[in-house]
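Structure, as structure tokens:
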2 protein chains.
Amino acid sequence: MRDVAALAGVSLKTVSRVVNREPGVSGDLISKVERAASQLDYRHDLTASNLRRSDRKTSTFGLIIEDVSNPFFSAVHRGIEEVARERGVAVFAASVDESPEREKDLVVAFSQRRVDAIIMTPTVREQSYLAYERRGGLVLVFVDREPRGFDADCVVTDNAAGAETATAHLLAQGHELVAFVGDDETITTANQRYLGYERAMASAATSIRPELVSREAHTTPAATREVLALLDAPNPPTAIFAAQNLITMGAVRALQMRGLQHSVALVGFDDFSMADALDPAVTVVAQDPREIGRRAAQLAFARIEDPDLPTSVHVVSSSLIRRGSGEIPPGR
Amino acid sequence: MRDVAALAGVSLKTVSRVVNREPGVSGDLISKVERAASQLDYRHDLTASNLRRSDRKTSTFGLIIEDVSNPFFSAVHRGIEEVARERGVAVFAASVDESPEREKDLVVAFSQRRVDAIIMTPTVREQSYLAYERRGGLVLVFVDREPRGFDADCVVTDNAAGAETATAHLLAQGHELVAFVGDDETITTANQRYLGYERAMASAATSIRPELVSREAHTTPAATREVLALLDAPNPPTAIFAAQNLITMGAVRALQMRGLQHSVALVGFDDFSMADALDPAVTVVAQDPREIGRRAAQLAFARIEDPDLPTSVHVVSSSLIRRGSGEIPPGR
DNA sequence: TTTCGTAATGACAACGTTATCTAATCCCGA
DNA sequence: TCGGGATTAGATAACGTTGTCATTACGAAA
């Protein structure tokens, strides 16, 4: 900037004004400065600018999600990017891989880089450690899962309601042996979805058989194993509710392996690519991850603008998409 | 930092030394400083640190890909993250959406934030505009597509060879009417894959019928339309080579719509989720996007360390995965 | 005892920018 | 002709940190 000022024959501050499009510089000088800037390959340094500026905004967000290559979370990422882009905000993205330690490391890494906000999926049992960061002015928004022990803005799917819809849909076909396959209790969404399953079963006055409940499906292969075990047991289910997209994929494989894809009903939570091209096409309760991302970003901007806003939890509703696998009747 | 120094009763410089784990500070003072730091909720400011430090490294990369929620590119992202994580580097990720203007905007946005390297998929016709950035010390690595008019490190799949393998595989089943469905010439990978298709056809002394070549499939729905047109034409193909994952998905739908999925052979370029669960399972030439990402990040680090390295193009090989759809014989 | 080398600490300037304040210039009306 | 307000430009300090150099203290060698 000093060099540009020298070449244009003006003061440093004038160059700063031109670069920041501040009013009060004559057109003559503006063009002189711009010519000098391009001649010298000048590129504005946002990090230095931020250091000095009074609002101390870096126009940067940090995003901490389960896995950047997971289709659900990458769609959330995409939604955030759409909103951030309009405001000139760049987004750091990182995967936690269900590791509490990594969650904390990432928060520190982003905080040290002075991001304006962190949008994250909590993994650590308890988020009270973030109070420290918030005191420093960092904005925190949670997506997909609500934080625990920490009051903050949050965007989630109506997990319990969606799971209830899915289960009720299977019960409405006349199924009584409806299995639940999901992840374990440490994952809040898995819990919520189990709750919805419970509610639907209770509403239909159908008792839950513990042997039809599997809560150990952490990955697609694990889900396949769990479903195979259910199918091979003495009293197999006639319908399955798979509580997450990777689990649904695993369930599809298991059903195919046993040749039961046309006889055992299946409804999955969260849509996935090619679900409509499978045979049978898979009925799902679809989330709207892109919308979740957009809302989270909007919440972050709103809070940056007014830090004293009351915290709010936004619920994005899910919708049942009937495709075939969920409409298979019992006893076929 | 000033406050920490005051509380610990030492100079600012000593705090800096402790924070950076520089040698030559007595254990006594180290613990005093650390106590003061945690008492004051002190958080090191990497942006200010970077401004002053002589190497001017921000430990930050920028990633510019087609779409963060595209499964191929999000896997590339993941690979980059794996390598970057080990070195404490945070990654900005953004989607260009095939927009040349946005590519340039993103380069500027990252450059202004003083990233150490940009890893990108080129969209603009011509990358010579980047010379400006490189003069400023920015490291540039290309992934998936080679840059044009600009010599730089690059990691690509063996597009032509993979496409040749795919096409030759179909020809080996006895097919003669092998269609090509791909994106247009502005996309270098689409070009390379068409080249491979041409080579395989030439090797088998099979002439290419222009009416079986479609190069207008930009999206999944477009691919479906193109394939339907091919199937409905007077002289339909008995086999299809789909030159990209989204196109393959579109082709699967089209074949299903016409009930031809078991009679027309299909090989796709690039694997996709659930390809093995479809009926028939889809034969593909699989790329290794995660490995592409890892290599790109490694190249970036190598060049940061030694800017005078000769530029290199790394080719990651693809592999044919036989699953069924590609092994359908002609005339069924 | 003096001198010297070494280790630990601190003072100060500087990184590239912007906020604040002051100075110069101009235009207009009285 | 002059005053006064508006407009434009510049000088200077500061943002939070680290590089450089100077200073201090201490023990060992002469």
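Chain A is the first sequence line, chain B the second, and so forth, proteins listed ahead of strands; every chain is numbered from 1.
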Show your working on side chain to side chain donor-acceptor pair (under 3.5 Å) between A:Glu103 and A:Gln127 and close with a plain yes or no. CA-CA 10 Å; A:Glu103 173 181 318; A:Gln127 272 64 45; 3.3 Å; yes

Is there a donor-acceptor pair closer than 3.5 Å between any side-chain N or O of A:Arg145 and the backbone N or O of A:Pro122? yes

Closest heavy-atom pair and its distance - B:Ser74, B:Val68: CB-O, 3.2 Å

For atom CD of B:Glu22 and atom P of C:dT9, their distance in whole Å: 13 Å

Tell me whether A:Asp153 contacts the main-chain N or O of A:Thr311 through its side chain, where contact means a donor paired with an acceptor under 3.5 Å. no

Has A:Asn20 got a side-chain atom pairing as donor or acceptor with A:Glu22's backbone, closer than 3.5 angstrom? no

Could you check whether A:Arg56 gets within reach of a base, just the sugar-phosphate, or nothing at all, counting any heavy atom under 4.0 Å? sugar-phosphate

Need one value for A:Val19: base, sugar-phosphate or nothing, where a base atom within 4.0 Å counts as base even if backbone is also close, heavy atoms only. nothing

Evaluate side chain to side chain donor-acceptor pair (under 3.5 Å) for A:Asn159 paired with A:Thr157, printing each intermediate quantity in order. CA-CA 5 Å; A:Asn159 287 292; A:Thr157 294; 5.1 Å; no

If I compare all heavy atoms of B:Ala297 with all of B:Phe61, which pair ends up nearest, and what's the gap? O-CE2, 4.5 Å

Could you give the CG-to-P distance, from A:Leu40 to C:dG16, as a whole number of Å? 14 Å

Start at the 5' end of DNA chain C and walk down; is the nucleotide closest to B:Leu29 or to A:Leu51 reached first? B:Leu29

Separation of C:dC15 atom C1' from B:Asp55 atom CG, nearest Å, is 12 Å

When rounded to whole Å, the CG to P distance for the pair B:Asp45 and C:dG16 reads 16 Å

Would A:Arg56 and A:Asn50 satisfy side chain to side chain donor-acceptor pair (under 3.5 Å), going step by step from the backbone distance to the final call? CA-CA 5 Å; A:Arg56 306 244 36 202; A:Asn50 167 253; 3.3 Å; yes

OP1 or OP2 of C:dT9 sitting under 4.0 Å from any side-chain N/O of B:Ser26? yes

Quick one: label B:Ser16 by what it contacts on the DNA or RNA (base, sugar-phosphate, nothing), any heavy atom closer than 4.0 Å. base

Considering only heavy atoms from C-beta outward, does the side chain of A:Arg134 approach that of A:Leu130 to under 4.5 Å? no

From CG of B:Leu46 across to C1' of C:dC15 the rounded distance in Å is 15 Å

Distance, rounded to the nearest Å, where B:Gln112 contributes CD and C:dG16 contributes P: 15 Å

Respond yes when some side-chain nitrogen or oxygen of B:Ser11 is under 4.0 Å from OP1 or OP2 of C:dA11, and no when none is. no

With a 4.0 Å cut-off on heavy atoms, is A:Asn50 in touch with a base, just the backbone sugar-phosphate, or nothing at all? nothing

Nucleotide N/O of nucleotides 12-14 of chain C paired with protein N/O under 3.5 Å:
residue: C:dA14; atom: N3; partner: B:Arg52; partner atom: NE; Å: 2.4

Under the criterion side chain to side chain donor-acceptor pair (under 3.5 Å), I'd like the reasoning laid out for A:Ser95 against A:Asp97: C-alpha separation, chi angles, the key distance, then a yes or no. CA-CA 6 Å; A:Ser95 313; A:Asp97 296 323; 4.9 Å; no

Using whole Å, report how far NZ of A:Lys57 lies from C1' of C:dT17. 17 Å

Quick check on DNA chain C: between B:Arg17 and B:Ala48, whose nearest nucleotide comes earlier from the 5' end? B:Arg17

The first and last nucleotides of DNA chain D lying within contact of chain A, meaning any atom under 4.0 Å from one of its heavy atoms, run from D:dT8 to D:dG16

